[in-house]
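Working notes for the structure below.
The shown structure was predicted, so the numbers you read here are calculated from the model rather than taken from an experiment. Proteins get letters first, then strands, A, B, ... in listed order; numbering begins at 1 in each.
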Amino acid sequence: MVEQTLPEEEKNTRSLNFIEEIIEQDIRTGVNESRVHTRFPPEPNGYLHIGHAKSICLNFGLGKKYNGKTNLRFDDTNPVKEDVEYVDSIMEDVKWLGFDWEDRLFYASDYFEQLFEYALILIRKGSAYVCDMTAEEMSETRGTPTRPGKESIFRNRSVEENTDLFHRMRAGEFEDGSRVLRAKIDMASPNMHMRDPVLYRILHAHHHRTGNQWCIYPMYDFAHGQSDSIERITHSICTLEFEVHRPLYDWFIHEIGIYAPRQIEFARLNVTYTVMSKRKLLELVREGYVNGWDDPRMPTICGLRRRGFTPESIRNFADIIGVAKRDNVIDVSLLEYCIREDLNKRANRLMAVLNPVKVIIDNYPDDLVEEMEAVNNPEDESKGKRKMPFSKTLFIEREDFMEDPPNKFFRLAPGREVRLKAAYIIRCESVVKDPETGEITEIHCTYDPQTKSGMPESNRKVKGTLHWVSEKQAVKAEIRLYDRLFTKENPDDIEEGKTYKDYLNADSLKIITALIEPAVSGSAVLDPADKSAGYEKDGVSGKYQFERTGYFSVDKDSTPQHLVFNRVVRLKDSSSKGEKVKENFTFL
RNA sequence: UGACCCAUGGUGUAACGGCAGCACAAGAGAUUUUGGUUCUCUCGGCCCAGGUUCGAAUCCUGGUGGGUCAACCA
């Protein structure tokens with residue numbers, strides 16, 4: 001028995017989740033020489049989503065925490081659904097999340113020959129047989145969860161006949177669907193998976209890695225556990241729906257007589273206001289409800305990346321949601337909390353007016369342009385300062401002015417003073433309206449020259465502080481404002497006669513043109529070399545907090561001529577506390 | 001009308017037979033040149049019924065509720 005000390009940080013830190021407890025117990029008792037070796041085993045038939053991110057962080061996190069290893073293994077046993085497009089995107093996503101499988105990139109298809117040999121072992125032991133029933137017949141004879149099944153009339157074929165038939169299946173002598181190899185277990189088992197499950201099916205299909213080398217392919221159950229065994233995985237972590245497969249997982253390992261990993265199941269992640277099934281996500285893409293797998297409204301990893309989430313924020317999210325066996329639905333506000341927390345510390349501030357209204361400073365010199373100094377990040381002094389041009393004609397947010405404001409309105413109104421952040425205190429003197437529509441077109445103000453930011457007079461108490469841009473120097477940018485994809489907390493909770501698609505949010509994307517301070521130029525386009533990945537070298541370049549409105553991230557569509565930003569998430573907003581007029585206080 | 005799994009504030013997650021704690025959300029206040037951040041406080045929970053025990057969220061039994069399982073998908 002090998003004793004191994006647990007990581008130092010474990011002492012006095014957070015309590016362990018149930019998987020860590022199992023692992024630490026195994027380490028203490030010397031199971032598998034106290035090794036820890038996990039794997040992340042995606043099927044390359046779709047893009048990874050935030051639920052996979054939980055699994056990736058769990059598996060790679062455990063490997064790292066216990067000085068073990070983690071493999072990336074593609075579970076590619078179904079050639080008709082799988083594609084290299086997905087293989088590539090999965091590797092990119094795992095890397096982007098910050099994990100490294102080093103030289104341990106594997107494919108279940110690497111083991112096809114070995115798996116075939118394992119099948120032969122079972123046939124020789126009389127534990128597997130070739131069955132000629134059709135899929136329908138098999139389904140009929142399988143029984144139901146409450147009724148035992150019937151044994152196949154092919155169940156007692158001789159070892160010789162089975163061996164011969166199985167070889168001929170491989171040789172391509174039979175049609176798709178005409179025969180399968182089945183395990184001989186127990187047609188009366190209360191566990192449906194033990195009722196002579198299919199091991200191999202005939203599929204004359206081109207495989208993305210093995211080409212046309214094979215026309216029989218192993219089923220998940222016959223491939224997964226054995227692949228774990230071949231890779232000497234110690235803890236094979238998967239989601240709850242595989243719990244009923246575990247007896248079969250163990251049965252194959254035992255029956256073949258090979259190294260035995262341990263399967264442990266945890267509850268998959270659900271998040272409010274979105275769907276997580278690959279089928280549904282694929283449908284949203286195919287039917288054009290979103291603009292591709294990386295649409296920033298998607299819960300896919302590439303979608304979150306394009307939206308502007310950082311890998312750090314997602315790892316932190318995976319960490320704090322925990323791991324357990326009970327069904328769970330995580331409030332999306334927790335995800336939002338994670339990205340705000342990260343970006344607040346790391347993203348530079350910029351002033352951007354999303355819904356502009358013109359402000360004219362009547363007593364400011366016509367052609368004067370002053371350079372104001374603005375702090376890049378109040379949370380990080382090392383980020384320094386930048387210059388912002390100030391002039392007679394500015395823009396502020398339309399929501400920052402009210403002609404007849406309630407008492408709790410801390411912004412601009414006739415006769416009231418506010419501070420323009422990093423500039424002067426101004427007072428509203430009058431407004432000009434469009435005679436037709438009644439819409440305010442100009443707000444006329446005066447400024448107090450003694451209140452320039454930094455001057456003693458500027459410490460004067462005023463009602464509020466607004467962000468602004470100077471008309472002449474402002475840069476236009478396309479801004480994509482995202483909202484939750486679904487209107488219902490749980491879109492899978494479907495009313496009679498509806499589908500989850502009936503709960504799609506029609507307003508999940510709004511595109512506007514905003515005016516941004518000129519400092520944005522030059523830094524608002526992704527390095528073309530990074531474009532494919534959609535992320536940047538230092539993690540937060542291209543990501544900003546637009547002061548008072550939210551966090552924004554440069555989109556891959558952005559060019560120097562046409563800047564494009566995605567809103568990652570709004571700033572937390574307590575402006576409507578105790579008020580019922582939220583629309584008036586919240587930016588778009 | 002079967003087997004298996006699960007059950008702690010609104011949400012998520014701790015407790016290893018001994019004071020039910022943490023985070024998010026919600027609410028109140030302080031600070032603030034972002035109605036952001038930060039800080040303080042408040043609200044609010046052991047599914048039910050028995051049993052074991054000096055003592056049960058924890059162990060046992062039975063309910064109740066939820067989930068999973070009947071692809072030649074994974």
Side-chain angles (χ1 to χ4, degrees), chain A residues 14-17 21 41-43 45-46 75-78 80-82 108 131 133-135 138-140 142-149 176-182 189-193 195 197-203 216-217 219-221 223-224 238 240-247 265 267 272 278 320-338 340-341 344-345 349 351 374-375 378-379 408-411 418-423 425 453-454 458-459 462 464-467 489 545-550 570-578 585-586:
Chain A
R14 270 234 301 289
S15 54
L16 306 176
N17 65 51
E21 278 183 5
E43 183 190 13
N45 70 342
D75 223 336
D76 55 351
T77 57
N78 185 1
V80 302
K81 285 191 180 172
E82 295 150 10
C131 181
M133 289 200 292
T134 64
M138 222 181 282
S139 164
E140 283 160 17
R142 190 165 12 242
T144 70
T146 54
R147 268 179 197 289
D176 284 9
S178 60
R179 288 190 161 88
V180 293
L181 183 72
R182 299 175 75 175
S189 170
N191 183 337
M192 299 290 289
H193 296 277
R195 322 243 262 226
V198 173
L199 272 44
Y200 271 90
R201 75 280 216 191
I202 301 171
L203 234 43
I216 57 171
Y217 291 93
M219 299 290 291
Y220 164 83
D221 285 304
H224 198 96
C238 61
L240 243 34
E241 66 270 26
F242 292 99
E243 202 153 26
V244 281
H245 293 245
R246 182 159 22 100
E265 311 86 11
T272 55
K278 276 188 190 177
I320 65 184
I321 57 176
V323 180
K325 293 191 74 161
R326 78 184 89 135
D327 293 331
N328 63 86
V329 187
I330 306 288
D331 197 321
V332 70
S333 66
L334 189 57
L335 223 204
E336 294 175 347
Y337 162 81
C338 290
R340 285 194 192 107
E341 183 195 53
N344 175 51
K345 284 185 296 218
R349 314 282 118 129
M351 294 204 210
V375 173
E379 308 294 315
K408 287 242 178 173
F409 189 72
F410 303 142
R411 308 178 186 180
V418 292
R419 182 191 318 282
L420 292 179
K421 178 143 180 154
I425 290 174
S453 198
S458 74
N459 288 329
V462 290
T465 303
L466 310 186
H467 61 281
E489 204 170 279
Q545 183 196 109
F546 289 173
E547 211 117 11
R548 301 209 300 138
T549 59
R570 281 184 230 254
L571 247 37
K572 206 172 145 191
D573 178 18
S574 54
S575 65
S576 61
K577 272 188 183 177
F585 292 177
T586 303

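Following rounding to the nearest Å, A/E241 (CD) and B/rC6 (C1') show an atom-to-atom distance of 14 Å.
Nucleic acid contact class of A/N191 (heavy atoms, under 4.0 Å, all strands): none. Nucleic acid contact class of A/G454 (heavy atoms, under 4.0 Å, all strands): base. Base engagement by A/M138 is indicated by at least one non-hydrogen atom pair under 4.0 Å involving a base atom. The residue A/T272 sits apart from the nucleic acid: no heavy atom pair falls under 4.0 Å. Within the nucleic acid shown, A/V375 has no heavy atom closer than 4.0 Å to any nucleic acid atom. Residue A/I321 is in sugar-phosphate contact alone, with no base atom involved, counting any heavy-atom pair closer than 4.0 Å across all strands shown. Heavy atoms of A/V180 sit under 4.0 angstrom from at least one base atom. Using a 4.0 Å heavy-atom cutoff across all strands shown, A/Y337 reaches sugar-phosphate atoms only and no base atom. Within the 4.0 angstrom heavy-atom criterion, only backbone atoms of the sugar-phosphate kind lie near A/A324; the bases stay farther away. Using a 4.0 Å heavy-atom criterion, one finds that A/T134 contacts the bases of the nucleic acid, with or without backbone contacts as well. Looking at heavy-atom distances under 4.0 Å, A/R326 makes contact with a base. Counting non-hydrogen atoms under 4.0 angstrom, A/M133 reaches a base of the nucleic acid. A/E547 comes within 4.0 angstrom of a nucleotide base, judged by non-hydrogen atoms across all strands.
OP1 or OP2 of B/rC72 sits under 4.0 Å from a side-chain N or O of A/R142. Between B/rC5 and A/R246, no contact under 4.0 Å exists linking OP1 or OP2 to a side-chain N or O. Note on A/T77: a side-chain N or O is less than 4.0 Å away from OP1 or OP2 of B/rA74. Checking the phosphate oxygens (OP1, OP2) of B/rU11, no side-chain nitrogen or oxygen of A/S333 falls inside 4.0 Å.
Side chain to side chain, A/S575 and A/D573 meet the donor-acceptor criterion of an N or O pair below 3.5 Å.
Donor-acceptor pairing under 3.5 Å, judged by distance alone, is present between the side chain of A/H245 and the base of B/rA74. Taking 3.5 Å as the limit, the base of B/rU33 and the side chain of A/S453 contain a donor-acceptor pair of atoms between them. If you check distances only, the side chain of A/R340 never reaches the base of B/rU37 with a donor-acceptor pair under 3.5 Å. For B/rG2, the base has no donor-acceptor partner in the side chain of A/R147 [N/O atoms by modelled type, under 3.5 angstrom]. The base of B/rU38 has none of its N or O atoms less than 3.5 Å from a complementary donor or acceptor on the side chain of A/E379.
Rounded to a whole angstrom, the distance from the C1' atom of B/rG63 to that of B/rA23 is 34 Å. For B/rU11 and B/rC60, the C1' atoms lie 31 Å apart once the distance is rounded to whole Å.
For B/rA71, the O4'-C1' to base torsion is within 90° of 0; the nucleotide is therefore syn.
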For Watson-Crick and G-U wobble pairs within 3.5 Å on both distances, what is RNA chain B written in dot-bracket notation, | included for inter-strand pairing? .((((((..((((....[..)))).(((((.......)))))....(((((..]....))))))))))).....

